[in-house]
There are 2 protein chains.
Amino acid sequence: MSEVGSTRKRADARRNEAALLEAAAAAFVASGVDVPVRDVAARAGVGVGTIYRHFPTRADLVVAVYRHQVETCADAGPALLAEHDSPGEALARWLDLFVDFLVTKHGLAEAIRADDPSSSALHTYFVDRLVPVCGRLLDAARDAGEVTSEIGAYGVLRGVGNLCIGAGDDPRYDARSLVALLVAGLRAPA
Amino acid sequence: MSEVGSTRKRADARRNEAALLEAAAAAFVASGVDVPVRDVAARAGVGVGTIYRHFPTRADLVVAVYRHQVETCADAGPALLAEHDSPGEALARWLDLFVDFLVTKHGLAEAIRADDPSSSALHTYFVDRLVPVCGRLLDAARDAGEVTSEIGAYGVLRGVGNLCIGAGDDPRYDARSLVALLVAGLRAPA
DNA sequence: GGACAAAACGGAACATTGTTCCGTATCATC
DNA sequence: GATGATACGGAACAATGTTCCGTTTTGTCC
């Protein structure tokens, strides 16, 4: 039965998983990442049990929906470093990408916070995938003398992520401006 | 019956309100600001209904518990401005006070976010009380040429507040360092 | 094509938490 | 001490993440 590689799931299971990912993506756009699980299930035309069989936790569903975009963001790091003479500039651009990603996903910045135990899978995924990338950019900028702060990649990423919380809910709050200030602080002479 | 001013509540009501404030303060220290209302009620030896009669919403209880410290912080603004030659320095010190306040109150930074409709009373109180203070410091720093960014007081306050989210839960994350970078960015030359 | 076991499904049910409701107890006044 | 107003306690409700289990679907083997 031509089960290629690890593809030996039942047909309905594969179908439902795809439907769920699509429904979740749509629901996240329409109602934010914190849309109730029941709503996603209804949208996909499945029961909640089916969601939990495919994604053990709400956070795992979120990871699955955004995995591709996170990978794209991660891959952009080395590319930016290569195409910019100034590593500090590359870092700034990369953080802009990260911010763009977060502020356009209603509620995602809130969800990746470390302190919420229910979304630890989400937090872990973001950290594991992006901290190394940020670290390489930060190190390069430091080697070039463009950053003197001792702060680590985790701190920078988490700080930028935190600044994106609530962006889009409040016209008085512009996360991009604040991240720009933070980056200015990073690049400022000691 | 010598009802002085607005003091015409029943004796047990006054007693319970005081007990609740004390219990809530203790519970917030022990379990964070997001401790369940039931736990606070149990600690105070009252039913949940009693909490809701005194504080219409969870957020109102939090406001009541921290009102005094918020006032102290607000009052420190003009004082710092008076005792420092550099308004930029006064602003930096005042933001340090704000950060110290937030990071020592487990979960408070999360709770004052704007996007959570359930805590809008909390958000509103912080904003109403502190944004004007921050605005005066920021304006003074701008007049002295120490800040060139166009950012508003609300943005600064909210940004700093956001940076404090999750501080204390994670030894890898140091909110103070990030706020220092943000302030450095504010004070950096255009 | 039909029988059978494994896999997957649906949704009721459970736990947690903020909030509301109302019958009961307490207090202040006469 | 009676009485009406005030306040209380906690059961009950709504929302939401998660678990459980009886039922259905699928793939395989004869």
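Just so we're on the same page: letters track the sequence lines, and every chain starts at 1. Only heavy atoms go into these numbers, but all of them, side chains included; no hydrogens, no water, no symmetry mates.
A side chain to side chain donor-acceptor pair (under 3.5 Å) with B/Asp12 holds for exactly one of B/Arg14, B/Arg15, B/Arg10; it is B/Arg10.
Mapped onto DNA chain C by nearest heavy atom, A/Asp12 and B/Asp39 fall at different nucleotides, with A/Asp12 at the one closer to the 5' end. Comparing A/Arg38 and A/Gly47, the nucleotide of DNA chain C nearest to each residue sits closer to the 5' end for A/Gly47.
The shortest distance between the side-chain N/O atoms of B/Arg10 and the OP1/OP2 oxygens of D/dC8 is not below 4.0 Å. Taking 4.0 angstrom as the limit, A/Asn16 places none of its side-chain polar atoms (N or O) nearer than this to OP1 or OP2 of C/dA8.
Between the CG atom of B/Asp116 and the C1' atom of D/dA15 there is a distance of 14 Å, given to the nearest Å. For the pair B/Arg15 CZ and D/dA7 P, the computed distance is 12 Å after rounding to whole Å.
Contacts of residues 50-64 of chain A with DNA chain D (heavy atom under 4.0 Å): A/Tyr52, A/Thr57, A/Arg58.
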task: Check the pair B/Leu91 / B/Leu186 against side-chain contact (heavy atoms from CB on, under 4.5 Å), numbers first and verdict last.
output: CA-CA 10 Å; B/Leu91 174 61; B/Leu186 260 183; 4.2 Å; yes

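Taking the salt bridge (charged side-chain N to carboxylate O under 4.0 Å, His left out) definition, one finds that A/Arg53 meets it with nothing, sequence neighbours left out.
Note: A/Phe101 and A/Phe126 have parallel aromatic rings, judged against thresholds of 30 and 60 degrees for the angle between ring planes.
In the model, A/Glu17 has a side-chain atom that pairs as donor or acceptor with a side-chain atom of A/His54 under 3.5 Å. Side chain to side chain, A/Tyr125 and A/Asp60 fail the donor-acceptor criterion of an N or O pair below 3.5 Å.
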